[in-house]
Amino acid sequence: MIEKVYCAEVKPDMDGKKVRLAGWVYTNMRVGKKVFLWIRDSTGIVQTVVARGVVDEETFNTAKKLGRESSVIVEGIVKADERAPGGAEVHVERLQIIQAVSEFPIPENPEQASPELLLDLRHLHLRSPKVAAIMKVKATLMQAAREWLLQDGWYEVFPPILVTGAVEGGATLFKLKYFDRYAYLSQSAQLYLEAAIFGLEKVWSLTPSFRAEKSRTRRHLTEFWHLELEAAWMDLWDIMKVEEELVSYMVQRTLELRRKEIETFRDDLTTLKNTEPPFPRISYDEAIEILQSKGVNIEWGDDMGADEERILTQEFDRPFFVYGYPKHIKAFYMKEDPEDPRKVLAADMLAPEGYGEIIGGSQREEDWEKLRQRIIEEGMDPKDYEWYLDLRKYGSVPHSGFGLGLERLVAWILKLDHIRWATLFPRTPNRIYP
Ligand SMILES: NC(=O)C[C@H]([NH3+])C(=O)NS(=O)(=O)OC[C@H]1O[C@@H](n2cnc3c(N)ncnc32)[C@H](O)[C@@H]1O
Ligand SMILES: [Mg+2]
């Protein structure tokens, strides 16, 4: 029985061994009586050599014409050869064509294609090694998150996506017909996680969140993957410690397991290596002072957008926190700072190198009357939040939580020029196909 191996498993020390590979033609180059087929699979690329006289004439002639992304199964003998990528190649004895392709619509170097073409052909672009590398890093980040959450005693829960109220402002809700009434696509699982903590105390979820953001920026999607945690008995400072420990573990573990993939996107790993607790912490007041000292036209009480955050991140060589935002620029559920009623107990985590906000978090208002007042102040109807207010009627407790945008984390780690490359099929205001 000929052993099926992956491309990355073909090594010089297998010299003389007969193997079977299944994959897709990555490049096809004819040199005299030989055809050099680079075969790609999910692990990498290996050079195979189809030689006239070793295979029959029909196979040789077919091999000459095989276009990129033709699907094939090859059997042959491994030959150590330092000229071949990885130091070894496979001399083909049998070539089975699963499906021959003559013209693959994405150029050999996808970076020569326009972003719009790659997005129109995203279903085909996914197979490129660079896109596959992004998805491996994203998968490993979540593998690491699950490892950390399990060992730290957090329960995964599965909140609804069809909901009846806003969490992060009514302006970015997607509304849909729900039988004889309307519903919304979830902006954040937070309110449901808050209900779960009274039984499980420390909960987390990974869900798609939806924001009808009209802003066409490099860091906004209309659908993104949202890793959210909520914990009973924790205050803002407790949850910030959770955030930095979780993010540090995710980054270090992914550096350990996906260094090769990361290095195809960035040379300098310093900020990733620096991602260890404790992260620097600055107040919103200090952030405003820094921005003003750098000539930014911003006043206390203004929100910080992507541009301001980009400038602020120049001061740091690792993720950092900004805490103590003004109440009027933050969400209704955030607890007022008892030492300064102008502020709330909120903290964002910003990534360095210009990427800015990757986490939004806060301590929640646990007092029924105060929360109800905030709902009214925000122009919302307390009736729509009756169930949520109930959580403050029956054994309310101090509690805090946060949401991490997974694509934002990936975009920073791989220094992507747009968040859309961090998701399988990006959803933005002008793209919902394929
Ligand atoms: N459980 C919580 O406390 C989460 C809280 N309700 C919340 O949704 N906060 S957030 O709006 O800042 O969004 C959280 C993060 O979610 C990401 N986010 C937020 N909006 C987006 C868009 N539009 N595209 C991509 N990523 C986005 C970004 O990293 C934010 O820091
Ligand atoms: Mg935010």
Side-chain angles (χ1 to χ4, degrees), residues 138 141 154 157 159 161 163 165-174 184-197 202-231 234 236 239-240 242-243 246-247 250 284 303-306 308-309 313 319-323 325-326 329-335 344-351 355-365 378 388 399-413 416 418-423 426-429 431:
K138 190 172 187 178
L141 282 166
W154 296 74
V157 292
I161 301 301
V163 298
V167 182
E168 298 300 331
T172 64
L173 282 170
F174 279 112
Y184 304 112
L185 294 178
S186 169
Q187 295 169 309
S188 159
Q190 175 193 324
L191 308 192
Y192 297 96
L193 299 185
E194 290 187 62
I197 65 171
K202 292 170 33 175
V203 297
W204 70 277
S205 64
L206 176 69
T207 59
S209 283
F210 301 85
R211 309 279 170 104
E213 303 262 9
K214 295 181 182 60
S215 47
R216 287 169 170 68
T217 75
R218 293 175 177 279
R219 66 179 196 170
H220 284 92
L221 295 163
T222 52
E223 175 180 353
F224 67 95
W225 284 89
H226 204 173
L227 175 60
E228 298 182 85
L229 276 66
E230 196 72 28
M234 284 196 187
L236 178 65
I239 205 74
M240 287 163 76
V242 170
E243 290 174 41
L246 173 59
V247 166
M250 291 170 78
Y284 167 87
D303 203 352
M304 287 184 284
E308 293 78 18
E309 290 186 355
T313 68
F320 62 100
F321 289 105
V322 179
Y323 64 88
Y325 285 84
I329 59 175
K330 283 295 186 182
F332 74 94
Y333 53 75
M334 295 186 181
K335 184 175 180 59
V344 282
L345 297 175
D348 281 1
M349 183 189 291
L350 276 63
Y355 284 85
E357 182 186 346
I358 55 173
I359 290 183
S362 71
Q363 186 168 340
R364 314 337 184 157
E365 182 49 68
E378 291 298 313
Y388 183 60
H399 62 287
S400 302
F402 65 91
L404 177 150
L406 191 54
E407 287 81 16
R408 294 231 179 140
L409 181 62
V410 172
W412 162 53
I413 290 173
L416 301 178
H418 197 296
I419 191 173
R420 64 193 173 193
W421 304 122
T423 189
R427 296 299 181 245
T428 57
R431 181 169 292 276

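One-based numbering, in listed order, for ligands and for the atoms of each.
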Can you name the nearest heavy-atom pair linking R364 to F402, along with the distance? NH2-N, 3.6 Å
One thing to verify: whether K138 and E407 come together as a salt bridge, which I'm taking to mean a side-chain N less than 4.0 angstrom from a carboxylate O. yes
Tell me the closest heavy-atom pair linking L350 and D348, and the distance in Å. CD1-CB, 3.8 Å
Take K330 and E168 through the test salt bridge (Lys or Arg N to Asp or Glu O under 4.0 Å) and record every step on the way to the result. CA-CA 9 Å; K330 283 295 186 182; E168 298 300 331; over 6 Å; no
Just jot down the ring pair (Phe, Tyr, Trp, His ring centres under 6.0 Å) partners of Y192, sequence neighbours excluded, or say none. W387
Once you round to the nearest 0.5 Å, how far does CG of L406 lie from CZ of F224? 10.5 Å
Protein contact to atom 24 (N) of ligand 1 [nearest heavy atom, distance to 0.1 Å]: L221 N, 2.9 Å
Which of the listed options, E357, E228, R420, holds the heavy atom that is closest to atom 31 (O) of ligand 1? E357
Which heavy-atom pair separates L191 from A166 by the least distance, and what is that distance? CD1-O, 4.4 Å
Where does W225 meet ligand 1, judged by heavy-atom distances below 4.0 Å: at the side chain, the backbone, both, or neither? neither
Would a 4.5 Å heavy-atom cut-off, applied to side chains only, mark Y184 and F210 as touching? no
Atom OG1 in T222, atom NZ in K214: separation rounded to 0.5 Å? 11.5 Å
Only heavy atoms of R219, strictly under 4.0 Å: list the atoms of ligand 1 that pass. 24 (N), 25 (C)
Closest heavy-atom pair, V167 versus A331, reported as atoms and distance to 0.1 Å, is O-CB, 4.1 Å
Atom indices of ligand 1 within 4.0 angstrom of E213 heavy atoms, with elements: 23 (N)
Taking 4.0 angstrom as the limit and counting only heavy atoms of Y333, give me the atoms of ligand 1 inside it, by number and element. 5 (C), 6 (N)
With heavy-atom distances below 4.0 Å as the criterion, list the atoms of ligand 1 near I359. 31 (O)
Roughly how far, to the nearest 0.5 Å, is the CD1 atom of I359 from the CG atom of L409? 8.0 Å
How close do R211 and S188 get, heavy atom to heavy atom, and via which atoms? NH2-CB, 4.2 Å
Distance below 2.8 Å from the Mg ion (ligand 2): protein N/O/S atoms: E357 OE2
May I ask you to identify the nearest protein heavy atom to atom 28 (C) of ligand 1, giving residue, atom name and distance to one decimal place in Å? R408 NH1, 3.6 Å
E230 to ligand 1, any heavy atom closer than 4.0 Å: no
From the options R211, E407, Q187, Q190, select the one whose nearest heavy atom is closest to atom 8 (O) of ligand 1. R211
What protein heavy atom sits nearest atom 3 (O) of ligand 1, and how far off is it? R364 NH2, 2.9 Å
Based purely on interatomic distance, does G405 place a nitrogen or oxygen under 3.5 Å from a nitrogen or oxygen of ligand 1? yes
Would you indicate whether the side-chain heavy atoms of W421 and V410 approach each other to under 4.5 Å? no
Just heavy atoms, cut-off under 4.0 Å: does L229 contact ligand 1 by side chain, backbone, both, or neither? neither
Can you tell me which residue and heavy atom of the protein come closest to atom 29 (O) of ligand 1, and the distance to 0.1 Å? I358 O, 2.8 Å
Under 4.0 Å from a heavy atom of V167: which atoms of ligand 1 are those, numbered in the order shown and with their elements? 6 (N)
Which of these, F210, F224, Y192, has its nearest heavy atom closest to atom 19 (C) of ligand 1? F224
Does E309 pair with R219 as a salt bridge, N-O distance under 4.0 Å? yes
At a 4.0 Å threshold, what atoms of ligand 1 neighbour a non-hydrogen atom of I419? 25 (C)
